[in-house]
Each structure stands twice: as C-alpha cells, then as structure tokens.
Amino acid sequence: MNRLLRTLCVLVMLAVVAPALAATDVEAVKQRVAKVDVLRGEFTQEKQVAGFKNPLRSQGRFVLAQDHGVVWTTLKPFPSEVVVTRDRILSRQSDGSSRVELDGRQQPAMRSVNAIMFALMSGDAQALSAQFTVKVEVLPGNAWRMQLTPRSAMLGKVFAQLTLSGDRYVREVQINEANQDVTRIHFAGMSDTPAALSADEGRKFE
C-alpha cells in the first residue's frame, strides 16, 4: 500500500498543462490506443528492491473511469484498496477502515492526479510530456512503446525512467527508480464494457 501511495503522490507533482509532442509522435500512439470512458482489468505488480534477491509481488483488479478516477483493489498478498479522485487519495483496509492520504483542499494540484493516472494507463503521450521527455517507438502489428525520462532534477531524484508498452490498451508499465528499485505492472483481462459504472463501482468513488 505504501509503495503504491508513494508513486501516486509523486504523480501528483506531474499535474500541469502539457506542451504538445511532435504530431507524428502523438498520432502514432493515438491511432492505436482505445479511447474509453471506463476501463476494467486485472493487474500483477512486481517490485524488485535493490539489494534483495526476491521481488515483492501483489495482484488485484482496477476500475479506471475518466470522469471519476481510479479504484485500485489489491487482493494478494494483503487485501486493500486505493481510490484516486479529483479531490483526494483514499485508502481502505480489509477491516473496513479508511483514511484520506491526500486532500485536494490542502493540495490543489491533487485535482489533476486522476488525469495523470488516466494518461499513464491509457498511453496518452501528450498529457505526459510536460515533465518527461517522451520517446515513442512504433512496433509491428498494433504495438507501441513509450520511454519517459524526467525533465527536471527533482523528478530525476525519484525516477530514472518509466516505460509504457501496449497496443489497444496499456499492457505494462515499468518504473525504474533513481535508487535502482524496479517496479513492473502488468495489466490483463482488459474490458471497456459496460461503458458506465455499476452502482457498486460508483459508490467506491463517493
């Protein structure tokens, strides 16, 4: 949970108006990535901590709603949930307890974090280009890869490089941290139907 929240908190700092990439770079990904209002799927996360032999693994499911935010539900090894909206990051534990980790009323930049999260998970190169140098690679078939290198020294102290790859959807995100830790997140079972949130999904954002 803390590792995920740390990543989300850093992403808050990226919520600024993005300058455009070269049109050919943007279009190469835009033409391949699905534009959806709601995306559901499963994730497997593996974090290799520098100096340790065995990686830390977790898995679960997510709901990404463009107008609401992201619900990130970890099922293994320990059940928990993180809800990211325009106004806050909320964590929920398996015992039903919840805690606001970040509040947009105190940190106005928080209001754009869901857009940044959506950009990462939907492969929106243009929205990520403000704080990263973006290199787009078009691969055979419908595949693509983006490498994101921090522009600022501040972000460079946290991230060495982020790599996104996918086709119609983002299939993998790799985060190379400056301390040499590496996190890989694999997405599977992706579905953009139904296009509206269920009543239960909607309540999670309340």
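Here the structure is a predicted model, which means the values were calculated and not measured.
- Note that the OG1 atom of Thr44 and the CD atom of Gln59 stand 5.5 Å from one another [nearest 0.5 Å].
- Using the six-membered ring where Trp is involved, Phe187 and Phe62 have ring planes that are perpendicular, over 60° apart on the 30 and 60° scheme.
- Surrounding CZ of Arg61 are at most 12 heavy atoms belonging to other residues, nucleotides or ligands under 6.0 Å away.
- Under the 4.5 Å side-chain criterion, counting only non-hydrogen atoms from C-beta, Val70 is not in contact with Val83.
- At distances below 3.5 Å, not a single donor-acceptor pair connects side-chain atoms of Trp144 with backbone N or O atoms of Val136.
- Contact detail for Gln93 and Ser80: the closest heavy-atom pair is OE1-CB, 4.1 Å.
- Looking at Gln45 and Thr183, their side chains come closer than 4.5 Å, going by heavy atoms from C-beta outward.
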Open item on the list: I'd like to know whether Ser165 forms a side-chain hydrogen bond (donor to acceptor under 3.5 Å, both in side chains) with Glu172, so could you lay out the CA-CA distance, the side-chain angles of the two residues, the decisive distance to 0.1 Å, and finally the verdict.
Closed with: CA-CA 5 Å; Ser165 58; Glu172 180 174 314; 5.1 Å; no

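- Heavy atoms only, all atoms of each residue included: Gly69 and Phe205 are closest at C-CE2, 3.6 Å.
- Distance alone, capped at 3.5 Å, is enough to place a donor-acceptor pair between the Asp181 side chain and the Ala50 backbone.
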TODO: Report the C-alpha distance between Glu177 and Lys157 in whole Å, list the side-chain angles of each, state the deciding distance to 0.1 Å, and finish with yes or no for salt bridge (Lys or Arg N to Asp or Glu O under 4.0 Å).
DONE: CA-CA 8 Å; Glu177 299 181 37; Lys157 292 179 180 180; over 6 Å; no

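- Looking at heavy atoms from C-beta onward, Val63 lies in side-chain contact with Leu197 at the 4.5 angstrom threshold.
- The shortest distance between side-chain heavy atoms of Asn176 and Phe159 does not fall below 4.5 Å.
- Checking side-chain atoms of Arg92 against main-chain N and O of Lys204 turns up a donor-acceptor pair under 3.5 Å.
- In this structure, the separation between CD on Gln174 and CD on Gln147 is 9.5 Å, given to the nearest 0.5 Å.
- In the hydrophobic clustering of ILVMFWY residues, with side-chain heavy atoms under 4.5 Å counting as a link, Leu75 and Phe78 come out apart.
- Put simply, CD1 on Ile185 and CG on Leu164 are 9.5 Å apart, with the number rounded to the nearest 0.5 Å.
- Looking at residues two or more places apart in sequence or on another chain, you find no salt bridge (charged side-chain N to carboxylate O under 4.0 Å, His left out) involving Arg184.
- Here the shortest heavy-atom pairing between Ala178 and Gly156 reads CB-O, 3.5 Å.
- By the neighbour-count criterion of 12 heavy atoms within 6.0 Å, atom NZ of Lys76 is sparsely surrounded, having that number or fewer from other residues, nucleotides or ligands.
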TODO: Evaluate the side chain to side chain contact (heavy atoms under 4.5 Å, CB included) criterion for residues Leu148 and Thr163: first the C-alpha distance (whole Å), next the side-chain angles of each, then the deciding distance (0.1 Å), finally the verdict.
DONE: CA-CA 6 Å; Leu148 312 177; Thr163 304; over 6 Å; no

TODO: Report the C-alpha separation of Asp192 and Arg168 in whole Å, then their side-chain angles, then the decisive distance to 0.1 Å, and conclude whether the salt bridge (Lys or Arg N to Asp or Glu O under 4.0 Å) test is met.
DONE: CA-CA 11 Å; Asp192 53 25; Arg168 176 176 170 80; 3.1 Å; yes

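- Residues Glu201 and Ser198 share a closest heavy-atom pair of OE1-N, 2.9 Å.
- For Glu46, the salt bridge (charged side-chain N to carboxylate O under 4.0 Å, His left out) partners are Arg57, not counting sequence neighbours.
- Gln66 and Val36 get closest at one heavy-atom pair: OE1-O, 3.6 Å.
- Closest non-hydrogen pair, Tyr169 versus Leu39, comes out as CE2-CD1, 3.6 Å.
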